[in-house]
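Naming: A, B, ... by sequence-line order, numbering from 1 per chain.
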There are 2 protein chains.
Amino acid sequence: MVALPKQPNKSLIDGIRCLQEVLSRAEPVGVGQVATELGLETTRVHRILRTLAASGMLRWTDKRKYAPGPAVPVLATQTMHASGFYRAIGPMVELHKDLNMITAMGLLWNRSVSYLFHAEPDQALTSAIGSFDVWPATVSGLGVALLALQTDQTVEELYVGREIPGFNSLPHLLDTLSEARERGYAIHHNTLAICIDETFQAAIGFSSQKVSVKSVSKYLPRLLKCKQEILDVLHA
Amino acid sequence: MVALPKQPNKSLIDGIRCLQEVLSRAEPVGVGQVATELGLETTRVHRILRTLAASGMLRWTDKRKYAPGPAVPVLATQTMHASGFYRAIGPMVELHKDLNMITAMGLLWNRSVSYLFHAEPDQALTSAIGSFDVWPATVSGLGVALLALQTDQTVEELYVGREIPGFNSLPHLLDTLSEARERGYAIHHNTLAICIDETFQAAIGFSSQKVSVKSVSKYLPRLLKCKQEILDVLHA
DNA sequence: AAGATTATTGCTTTATTAGCAAATCGTCAA
DNA sequence: TTGACGATTTGCTAATAAAGCAATAATCTT
């Protein structure tokens, strides 16, 4: 992550934090809730949220709460298009057909993985492609594969003082990540996952009872082939 | 659109403008370009962009330019999931199968339509579902359907002093929108389109040489059925 | 309907931001 | 390889925007 400018814009930092907080909620959220969650003064939060609502990034509901606004899907669409990740869908669909296992592609950010593709065995592809779910990184094979790319220091900064879903301690998590880092893939909870892009921290993987430390050598080549196919279409 | 707070946050307003400018570009963009485009002073833009880069919303490239950052797909995923629009894919795929025409779903924001689904006749659905393209609203049937929901004043504010793609004047555009508004659907360039959601300004439609003013009554019921199916899954 | 809770406004003080000039960096041509 | 040029970034100071407190308005609960 790049360094801040020598004179950072403090309003913008907290503005983005408030935006991210509202967008992470499944329901519209009030000023007071955001203020409590982020440890900011309520008047300030009100002004930030209302400013964001006027800009279209948030929507002000009839109950005086805030929810995602119409400008966000546009930014989302532009970014998806510019990043080219949508082109990974073809290879992911092929992989799912080959293996008929849980097949997934996701992006890591902080402590979450956003799933762009997630298909259960025999699942209709229309629901697999567009599910768009966000999960804690530590309960996701993809998340573990991507967290393994971070330094131990970064991971500690992310998780110190927090409960870690799926792990009973930070050293336990760091051990797991260390192993994944060493091998170049993550094998975690019957999931095999590899990183395909470091800029957006993207990973692909699949899960099945058949996936274990013993069967990795059988499945890894197929996953690496899928990665290569994705990279080929990304750079075409 | 909601009113600004009595004390708006000015840094946040211009911060969001800069973010939107960078995200709307197909290539990484420099400080000076953004400053020129938005009429802002370069030092200020540098501080804004760098602050956004440190927050993960933008990425600072090795050429000292700025591009979308890893935090955006996460916000995108959260919003898509919360809005539930991904569930519209099933009905859209059915519609495409029925008609085998260009079939699309998109969202309006300012003067652009973001396509979440866009399938040509006989197109493989994997490329239709994830194309994520953004087009000028006035060259899009969906865009026209959605612009027709705005007041004439809003449309004038959007387009005054600008070239209007596909129209030779603002009064020409306003006339077209007036007709669409009156009928409850847009018929434009062989495209039939209807609005399905006013919060995010979403529309669905299809295009074909067969679609004209004369054949509307033949095709409109199928489109309205698709709308109902989408609304049903959105509210399930 | 009344009271409690939450959001929003007005005002004053404070801290952040803006802009100018200088320094640094990256690219290109000779 | 070196120097010139254009773009980005930094440092400093002045100005203005933002922050916070108390009061007001709106919504929710009983």
Side-chain angles (χ1 to χ4, degrees), chain A residues 1-69 199, chain B residues 1-69 199:
Chain A
M1 200 54 54
V2 72
L4 282 161
K6 288 300 182 178
Q7 186 187 298
N9 190 307
K10 297 216 171 85
S11 271
L12 193 49
I13 289 169
D14 286 333
I16 296 295
R17 284 177 74 214
C18 289
L19 177 64
Q20 287 173 341
E21 178 62 29
V22 176
L23 296 189
S24 76
R25 301 285 187 126
E27 302 293 328
V29 62
V31 168
Q33 287 168 278
V34 173
T36 298
E37 187 65 39
L38 300 184
L40 301 175
E41 197 268 329
T42 52
T43 314
R44 185 164 179 229
V45 170
H46 156 68
R47 289 169 177 154
I48 287 171
L49 296 185
R50 202 62 180 274
T51 297
L52 288 169
S55 79
M57 297 297 278
L58 294 181
R59 178 169 46 97
W60 189 60
T61 73
D62 52 6
K63 302 285 179 68
R64 297 193 307 176
K65 292 180 184 252
Y66 295 85
T199 305
Chain B
M1 201 55 55
V2 72
L4 281 162
K6 288 302 185 182
Q7 186 185 299
N9 190 308
K10 297 218 172 76
S11 271
L12 193 50
I13 289 169
D14 286 332
I16 295 295
R17 284 178 73 215
C18 288
L19 176 65
Q20 286 174 342
E21 178 63 29
V22 176
L23 296 189
S24 77
R25 301 283 186 129
E27 302 293 329
V29 62
V31 168
Q33 286 168 281
V34 173
T36 299
E37 187 66 38
L38 301 183
L40 301 174
E41 198 267 329
T42 52
T43 315
R44 184 162 180 235
V45 170
H46 156 68
R47 289 169 176 153
I48 286 171
L49 296 185
R50 202 63 179 273
T51 298
L52 288 168
S55 79
M57 297 297 278
L58 294 181
R59 177 168 47 94
W60 190 58
T61 73
D62 51 7
K63 301 285 178 69
R64 298 195 301 174
K65 292 181 183 251
Y66 295 86
T199 304

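Donor-acceptor pairing under 3.5 Å, judged by distance alone, is present between the side chain of A:Q7 and the base of C:dA18. The base of D:dT9 is not paired with the side chain of B:R47 by any donor and acceptor separated by under 3.5 Å.
Between B:L40 atom CG and D:dT8 atom C1' there is a gap of 16 Å when expressed in whole angstrom units. The distance from atom NZ of B:K63 to atom P of C:dC25 is 18 Å, rounded to the nearest whole Å. With rounding to whole Å, B:K65 atom NZ is found 16 Å from D:dG6 atom P. Here C:dT17 presents its C1' atom at 14 Å from NE2 of B:H46, a figure rounded to the nearest Å. Rounded to whole Å, the distance from CG on A:D14 to C1' on C:dT17 is 15 Å. The CZ-C1' distance, from A:R50 to D:dA25, rounds to 12 Å in whole Å. Taking atom CD of A:E41 as the reference point, atom P of C:dA15 lies 15 Å away to the nearest angstrom. Look at CG on A:D62: it is 9 Å from P on D:dT27, rounded to the nearest Å.
A:E21 and A:R25 are joined by a salt bridge, as a carboxylate oxygen and a charged side-chain nitrogen come within less than 4.0 angstrom of each other.
Between A:I13 and B:S55 the shortest side-chain heavy-atom distance does not fall below 4.5 Å. Using a 4.5 Å heavy-atom cutoff, the side chains of B:C18 and B:L58 are not in contact.
Nearer to the 5' terminus of DNA chain D, by closest-nucleotide assignment, is the contact made by A:P5 (compared with the other of B:N9 and A:P5). Of the two residues near DNA chain C, A:G32 and B:K10, the one whose nearest nucleotide lies more 5' is A:G32. Residues A:L12 and A:V29 each lie close to DNA chain C; by heavy-atom proximity, the contact nearer the 5' end of the strand is made by A:V29.
At C:dT8, one or more side-chain N or O atoms of A:W60 fall inside 4.0 Å of OP1 or OP2 (strictly under the cut-off). Contact annotation: B:Y66 does not reach the phosphate of D:dA7 (side-chain N/O to OP1 or OP2, under 4.0 Å).
Closest to the side chain of B:V31, out of C:dA18, D:dG20, D:dT9, is D:dT9. Listed candidates were C:dG10, D:dG6, D:dA18. Nearest to the side chain of A:T43 is C:dG10. Of the candidate nucleotides C:dT8, D:dA19, C:dC25, C:dC25 has the atom lying nearest to any side-chain atom of B:R64.
Looking at every heavy atom in both residues, A:V31 comes nearest to A:V45 through O-CG1, 3.7 Å.
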Q) Yes or no on side chain to side chain contact (heavy atoms under 4.5 Å, CB included) for B:L49 and B:V22, after CA distance, side-chain angles and deciding distance? A) CA-CA 9 Å; B:L49 296 185; B:V22 176; 3.8 Å; yes
